[in-house]
Amino acid sequence: MDQGFFLLFATVAVITALTVVLARNPVHSALALMACFLQISAVFVLLEAPLLAVVQIFVYVGAIMVLFLFVIMMIDVREAVLQRFLPGGNLPALVLLVLLGVEMLVLVLWSDRFAVTEPAAIRGGDQIRSLSTTLFADYLLPFEVVSVILLAALVGAIVLARKESG
């Protein structure tokens, strides 16, 4: 069952990663990157690493994606779309992508890492519990203040990026 979920999450992560690269709209690309980060977080949950999954969501989906959206809003995307890559320059990259994909598929099929085994015993569960209690009990106010500051920065970026009408 876990192997099926892993293959599902990994497939969706690869598809969304390709969408990041192939999407013409930068906002769609950023949303696909966020979906890819969420799939990676789900893989961490399958690996029984909940702390890494939560950190993945907080740091990458939360902070990094906000930064990417700031950049997308601050630059003139319509002008950047006009400056595309050189025609014909994508063929070597496509050939390399196909070769790496075939290599990855061969390595996965020949590997015995997908054999059904019992997961390792969870070590340090008390450490994770104490870290999360410290983060959300002792440092709850700074954590929430940072989220409000990021929200205010997002609203400020939207206001700055808006074009004046007229």
Side-chain angles (χ1 to χ4, degrees), residues 1-75 77 93 96-98 100-158 161:
M1 186 72 158
D2 286 343
Q3 182 180 4
F5 279 126
F6 172 77
L7 291 175
L8 174 72
F9 292 141
T11 303
V12 174
V14 169
I15 290 170
T16 54
L18 286 173
T19 305
V20 169
V21 177
L22 298 175
R24 293 185 184 263
N25 189 343
V27 175
H28 293 162
S29 182
L31 290 174
L33 185 61
M34 184 176 65
C36 184
F37 287 155
L38 288 173
Q39 299 304 314
I40 292 170
S41 177
V43 170
F44 283 144
V45 169
L46 288 178
L47 291 173
E48 296 183 4
L51 180 66
L52 287 178
V54 170
V55 167
Q56 174 80 19
I57 290 174
F58 282 166
V59 172
Y60 287 103
V61 175
I64 302 297
M65 287 310 302
V66 169
L67 176 68
F68 283 176
L69 289 174
F70 283 167
V71 170
I72 289 170
M73 287 182 205
M74 295 303 285
I75 63 173
V77 177
L96 182 63
L97 177 70
V98 169
L100 289 175
V102 168
E103 178 187 12
M104 184 176 67
L105 186 64
V106 167
L107 288 175
V108 166
L109 292 177
W110 283 355
S111 175
D112 59 346
R113 302 240 337 151
F114 290 112
V116 178
T117 59
E118 291 295 319
I122 298 176
R123 294 180 295 262
D126 294 332
Q127 294 173 350
I128 294 172
R129 182 171 287 120
S130 66
L131 177 66
S132 61
T133 302
T134 302
L135 178 65
F136 292 116
D138 299 338
Y139 294 103
L140 182 63
L141 181 63
F143 187 78
E144 292 298 326
V145 168
V146 166
S147 67
V148 170
I149 289 172
L150 286 173
L151 178 65
L154 178 64
V155 171
I158 290 171

Exercise. Mind checking what makes side-chain contact (heavy atoms from CB on, under 4.5 Å) contact with Ile149, not counting sequence neighbours?
Worked result: Val145
Expected list for residues 56-73: side-chain donor-acceptor pairs under 3.5 angstrom, two or more places apart:
none

Exercise. Can you tell me how far the CD atom of Glu103 sits from the CG atom of Leu96, to the nearest 0.5 Å?
Worked result: 9.5 Å
Problem set entry | For Val106, side-chain contact (heavy atoms from CB on, under 4.5 Å) partners two or more places apart | Val102, Trp110
Problem set entry | side-chain contact (heavy atoms from CB on, under 4.5 Å) partner of Asp138, the single match among Thr134, Leu141, Leu140 | Thr134
For this session: Can you sort out the partners of Ser147 under side-chain contact (heavy atoms from CB on, under 4.5 Å), two or more places apart, ordered by chain and number?
Result: Glu144
Would you tabulate the side-chain donor-acceptor contacts of residues 8-20 under 3.5 Å, counting partners in other chains and residues two or more places apart, or write 'none'?
from	atom 1	to	atom 2	distance (Å)
Thr11	OG1	Leu7	O	2.6
Thr16	OG1	Val12	O	2.9
Thr16	OG1	Ala13	O	3.0
Thr19	OG1	Ile15	O	2.8

Exercise. Has the side chain of Ser41 got a donor or acceptor atom that lies under 3.5 Å from a matching backbone atom of Phe37?
Worked result: no
Problem set entry | Separation between CG of Leu46 and CZ of Phe5, rounded to the nearest 0.5 Å | 7.5 Å
